[in-house]
Amino acid sequence: CYAALRDDFDDPHIITYTEIRWVSLYDSLKSLIKCQKSIHTFYIDEIDDNIENEEEESDEIKHVQRLEERHWEFIEMVLPLLKAYKSAIKLLESDDFGTVSLVINSLYRIKDTVENLPADLFGLNIQKFNDAFSKKMNKYKDQLHPLYDAAVLLNPYIENDHIDIEKGIKFIESKMKEFGWKEEEEKTSKNKTMTFLNPNLENSHRKKGPLQRYLDLGFMIPDIEENDKHGLGRELFNFWKRRLDYNQDKILAKVAIGILNVFCTSCSAERLFSKAGRVLTRDRMKLMSDIAESQILIMANSNLAEKFCKFQ
């Protein structure tokens with residue numbers, strides 16, 4: 001891995017092409033950093049051995065390529081960028097709850113990481129990346145479905161700086177209307193206790209729908225560990241499930257769970273086809289369609305049940 005890096009990066013800079021995949025490169029360099037102390041110890045032992053056995057020094061020892069300080073510095077600089085790419089790739093292939101809400105944020109996380117690289121070493125490449133990023137986002141801005149905007153709005157654990165909030169709100173409210181929600185009825189509250197205790201609060205309450213009240217709450221982002229496999233998805237699911245169970249803006253909660261269940265790519269569908277192949281084998285081709293469907297659904301959702309249901 002280092003040899004390939006050395007060939008590609010004669011001096012510290014970003015190139016447009018490398019044969020090493022981002023994910024494997026990140027994992028390799030991260031492992032290398034973890035072993036830095038051991039590698040340094042090996043070099044010291046090697047020097048000592050060479051001094052003692054100068055005449056018996058082998059060709060293999062002579063050609064050991066030592067990582068110098070500038071190499072370690074470069075690896076530490078590019079690791080955050082590779083990590084951002086790895087998280088984006090894993091996200092797009094994921095089945096976790098709420099992943100669709102992370103797509104746009106992941107793209108901008110990569111952009112922020114690139115911009116934080118040292119300008120004296122990466123300046124020209126940073127500018128090229130920003131130009132290309134702006135062109136791509138402008139090109140896809142009108143093509144991105146408001147579903148993405150809606151999903152980001154419904155995820156209280158991420159920022160919504162890079163979305164069209166108005167489009168997201170319209171999309172969510174259109175889905176709420178499919179469940180029977182009516183904006184005019186929402187603004188006529190039947191909470192007599194609230195009216196009696198604070199009529200002014202009741203008037204302000206009537207002017208806002210459930211989605212706007214939800215957005216006005218303000219949220220504290222929980223401290224989710226990086227190694228927690230189901231951290232954000234579990235927290236997000238539990239947030240909306242509690243609101244549904246406590247009848248707190250029930251229609252909004254139903255819509256939120258439906259939208260956040262959407263997957264980013266066709267990877268999940270392809271995995272479902274694979275599961276179907278294990279149910280509809282050659283010996284079971286006469287299986288009734290409803291039974292086959294039920295078995296596939298159980299197989300497909302067993303992992304989700306294991307992830308989320310045991311935490312309720």
Original post:
Do side-chain atoms of Trp240 reach the backbone of Leu154 as a donor and acceptor pair under 3.5 angstrom?
Top reply: yes

Original post:
Under a single-linkage definition using a 4.5 Å side-chain heavy-atom cutoff for Ile, Leu, Val, Met, Phe, Trp and Tyr, are Tyr157 and Tyr108 assigned to the same hydrophobic cluster?
Top reply: yes

Original post:
Is Asp245 salt-bridged to Lys241, going by a charged N under 4.0 Å from an acidic O?
Top reply: yes

Original post:
So, do Lys250 and Phe179 sit near enough that their side-chain heavy atoms are less than 4.5 Å apart?
Top reply: no

Original post:
For Lys86 and Asp27, what are the C-alpha separation, side-chain angles and deciding distance, and is it a side chain to side chain contact (heavy atoms under 4.5 Å, CB included)?
Top reply: CA-CA 9 Å; Lys86 178 183 178 181; Asp27 290 336; 2.7 Å; yes

Subject >> N-O pairing of Glu173 and Lys170 below 4.0 Å >> reply: no

Original post:
Can you find a pair of side-chain heavy atoms, one from Phe133 and one from Leu107, that are under 4.5 Å apart?
Top reply: yes

Original post:
For Lys30 and Leu79, which heavy atoms make the closest approach, and how far apart are they?
Top reply: N-CD2, 3.9 Å

**OP:** Measure the spacing between CG of Leu215 and CD1 of Ile165 and express it to the nearest 0.5 Å.
**Re:** 7.5 Å

**OP:** Rounded to the nearest 0.5 Å, what's the gap from CG on Leu147 to CD1 on Ile259? Could you check?
**Re:** 6.0 Å

Original post:
Are Leu29 and Ile33 co-members of a hydrophobic cluster defined by side-chain heavy atoms under 4.5 Å apart?
Top reply: yes

Subject >> Spacing of Glu293 atom CD and Leu280 atom CG [to the nearest 0.5 Å] >> reply: 11.0 Å

Original post:
Is the shortest heavy-atom distance from the side chain of Glu115 to the side chain of Asp112 under 4.5 Å?
Top reply: yes

Subject >> Side chain to side chain, Ile75 and Gln36, heavy atoms closer than 4.5 Å >> reply: no

**OP:** Quick one: closest heavy-atom pair of Tyr148 and Val100, and the distance?
**Re:** CD2-O, 3.7 Å

**OP:** For residues Ala84 and Thr113, report the shortest heavy-atom separation together with the two atoms involved.
**Re:** CB-OG1, 3.9 Å

Subject >> Side chain Ser101, main chain Gly98, donor-acceptor under 3.5 Å >> reply: yes

Subject >> Separation of Ile251 CD1 from Trp181 CH2 (nearest 0.5 Å) >> reply: 9.0 Å

Original post:
Looking only at atom types and distance, does a side-chain atom of Tyr214 sit under 3.5 Å from a main-chain N or O of Leu252, one as donor and one as acceptor?
Top reply: no

Original post:
Which heavy atom of Glu159 sits nearest a heavy atom of Val152, and at what distance?
Top reply: O-CG1, 3.6 Å

Original post:
Below 4.5 Å, heavy atoms only, C-beta onward: do Phe171 and Lys175 meet side chain to side chain?
Top reply: yes

Original post:
Do Phe129 and Lys111 have side chains that get closer than 4.5 Å, going by heavy atoms?
Top reply: yes

Original post:
Does a side-chain heavy-atom distance below 4.5 Å link Ile291 with Met288?
Top reply: yes

Original post:
Hey, are the side chains of Lys182 and Lys177 touching, using non-hydrogen atoms and a 4.5 Å cut-off?
Top reply: no

Original post:
Which heavy atom of Ala88 sits nearest a heavy atom of Ile110, and at what distance?
Top reply: CB-CD1, 4.0 Å

**OP:** Kindly compute the distance separating CG (Leu260) from CG (Leu236), expressed to the nearest 0.5 Å.
**Re:** 5.0 Å

**OP:** Go through Gln295 and Arg284 one step at a time and tell me if the side chain to side chain donor-acceptor pair (under 3.5 Å) criterion holds.
**Re:** CA-CA 12 Å; Gln295 289 189 8; Arg284 308 181 74 203; 3.3 Å; yes

**OP:** Determine the sole option in Thr99, Asp96, Leu102 for which the side-chain contact (heavy atoms from CB on, under 4.5 Å) test with Leu232 is passed.
**Re:** Leu102

Subject >> Rounded distance [0.5 Å steps], CG in Asn105 versus CG in Asp161 >> reply: 8.0 Å

**OP:** Work out which heavy atom in Met77 is nearest to a heavy atom in Leu121; give both atom names and the distance.
**Re:** CE-CD1, 3.5 Å

